[in-house]
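To start, the structure itself, in structure tokens.
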Amino acid sequence: MFTSNNVTARLFERQICTPSPGTSIHRARRFYENIVPSYTVYDVECPDHSFRKFTDDGLYLVSFSRNHQDLIVYRPTWLSFSCKDEDCDIHDLPSKARKFESFFTQLYSVTLASSGELICKDFFLYMESNQFGLFATSTAQIHDAPPTGGAIQGVPSVEKITFHLLRLEDGAILDERVFHNDYVNLAHSVGAFLYDDLLAIVSLRFQRIHILQIRDSGDLVDVRAIGEFCREDDELFLNSNSQVLVNHVGNGFHHGLPDPETSFLSGIKQRLLSFIFRGIWNEETDQTMRVQCLKKKFYFHFQDYIDLIIWKVQFLDRHHLLIKFGSVDGGVSRNADSHPSFFAVYNMETTDIVAFYQNSADELYFLFELFSDHFHVSSRSSLHMNFMSSHSNNIHALEQLRCTKNKATSFPQFVKKMMASLPFSCQSQSPSPYFDQSFFRFDEKLISAIDRHRQSTDHPIKFISRRQPNILKFKIKPGPEAGSTDGRTKKICSFLFHPILPLAISVQQTLFLQASVVNIHFRR
């Protein structure tokens with residue numbers, strides 16, 4: 001660890017001292033305490049785009065056109081200018097510093113949406129190893145669509161949802177995957193999860209988890225579909241047995257042939273019910289007590305278990321999925337926190353449920369508190385994502401969590417509130433070192449690593465040094481430099497931090513489609 005806070009002394013110390021094994025990257029990241037985005041260019045002249053995020057390797061800035069038709073990709077550069085004096089810091093920045101093009105270079109613009117589709121501006125997943133980007137377009141929702149073809153009653157339908165795989169280097173569209181008359185929750189990438197080269201897409205309407213592989217060639221290849229069937233030959237087995245039943249009926253041996261659409265639960269639901277049954281069965285050894293226990297805990301809630309649908313999915317590793325179940329109303333609601341939910345760990349190779357918890361289970365919460373990083377899984381090739389702060393790897397985040405827990409009036413309600421965030425949305429956190437709670441302290445109500453809009457404030461957001469608790473390192477102020485003239489208008493802001501450079505973008509906008517105020521924060 002550095003003994004001085006002076007950047008020159010740190011550089012000298014780095015040259016003459018060898019860090020402890022396994023700490024070289026942590027030691028290098030300490031320089032971010034000295035190199036901060038301390039200067040702001042207010043109200044930058046920029047194109048009227050919806051800026052999405054920086055890619056996790058910092059090579060690209062992804063944005064969309066306001067009509068939700070085009071993808072525009074930029075390459076971050078840096079403001080450069082010259083002055084005659086030796087000390088350039090005493091001079092104001094040149095007028096070109098107020099132009100967006102001084103910081104970013106447009107690489108290309110690609111039209112993604114067609115035939116009535118619009119780009120989902122909240123959806124974007126990045127495959128760092130190949131520099132592939134996954135985007136989504138869709139038509140409008142049909143809320144009262146009839147549940148045809150095995151669809152779930154109460155889930156809306158979208159006529160066409162298209163996932164586009166692009167090579168971000170040149171904007172080439174490599175492959176597409178289309179879902180017709182289906183429903184995938186595209187907001188904040190909730191309905192999809194990317195882990196290494198595996199992609200999971202959740203069909204809420206038909207209750208299927210589509211597992212695809214992204215090849216190096218850019219092809220989207222089907223691996224399996226989990227839901228109605230679990231194994232690859234399940235459908236073949238059921239169809240062959242149905243044919244046997246048909247033959248028996250034809251020979252007069254069988255009457256009342258079952259309808260496969262109404263007679264069988266889905267494969268994943270049968271696995272779930274079997275796991276719950278066996279768990280309750282093994283709780284008691286006495287046969288009479290087993291029956292009583294099954295009546296109270298299984299058969300009494302049997303219909304509730306039957307009515308559960310898959311809400312959300314994430315990879316825990318290449319073989320295990322964390323699946324969130326709940327009611328139909330909660331699955332399509334914007335705020336599902338008030339609805340009861342359950343979590344299951346599913347092994348894709350053995351097709352077994354290996355764990356099942358209710359969202360108020362103490363055991364699941366304690367696992368989450370101790371091993372939070374296992375829920376924030378990232379691709380093995382992504383180096384930047386391995387240093388994000390969580391309460392299982394950062395003492396300051398853990399203290400903050402325990403403080404919140406101690407203030408809670410009801411521990412079961414606290415557990416439900418914490419479990420509402422599971423499964424985590426894929427790539428929903430910024431890997432910027434300025435959100436590392438080992439380096440800086442900041443108000444997480446105003447700004448955090450989580451990719452969400454925040455209510456804007458006219459006061460600057462302060463980043464305080466952890467090593468020197470009373471030292472202000474830098475400030476981020478969204479909106480106009482002089483503040484807002486209309487205090488009654490509700491404003492929201494978003495922050496886009498570069499994962500490596502001391503560079504950030506703040507975008508303040510109102511709810512009445514007025515022009516956004518874009519500020520660029522950087523180290524001068």
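Along the sequence shown, residues are numbered consecutively beginning with 1.
Residues Phe193 and Phe424 keep their aromatic ring centres 6.0 Å or farther apart. Residues His521 and Phe497 place their aromatic rings such that the two centres sit no closer than 6.0 Å. A ring-centre distance under 6.0 Å is found for Phe298 and Phe302. Under the 6.0 Å cut-off for aromatic ring centres, Phe368 and Tyr357 do not qualify, their centroids lying 6.0 Å or more apart.
Other residues, nucleotides and ligands contribute more than 12 heavy atoms inside 6.0 Å of the NZ atom of Lys405. Residue Glu159 places its CD atom among 12 or fewer non-hydrogen atoms of other residues, nucleotides or ligands, all under 6.0 Å distant. Around CZ of Arg215, the count of heavy atoms belonging to other residues, nucleotides or ligands within 6.0 Å does not exceed 12.
Between Phe411 and Tyr365, the ring planes lie perpendicular to each other; the angle is over 60°, past the 30° to 60° tilted range. Ring geometry, Phe463 versus Phe442: the interplanar angle falls from 30° to 60°, so the pair is classed tilted.
In summary, Lys53 and Asp451 do not engage in a salt bridge, as defined by a charged side-chain N under 4.0 Å from a carboxylate O.
For the residue pair Ser456 and Gln508, a side-chain donor N or O sits within less than 3.5 Å of a side-chain acceptor on the partner. Inspection of the Glu117 and Thr137 side chains reveals an N or O donor paired with an N or O acceptor under 3.5 Å.
From Met348, atom CE reaches atom CG of Leu198 across 6.0 Å, with rounding to the nearest 0.5 Å.
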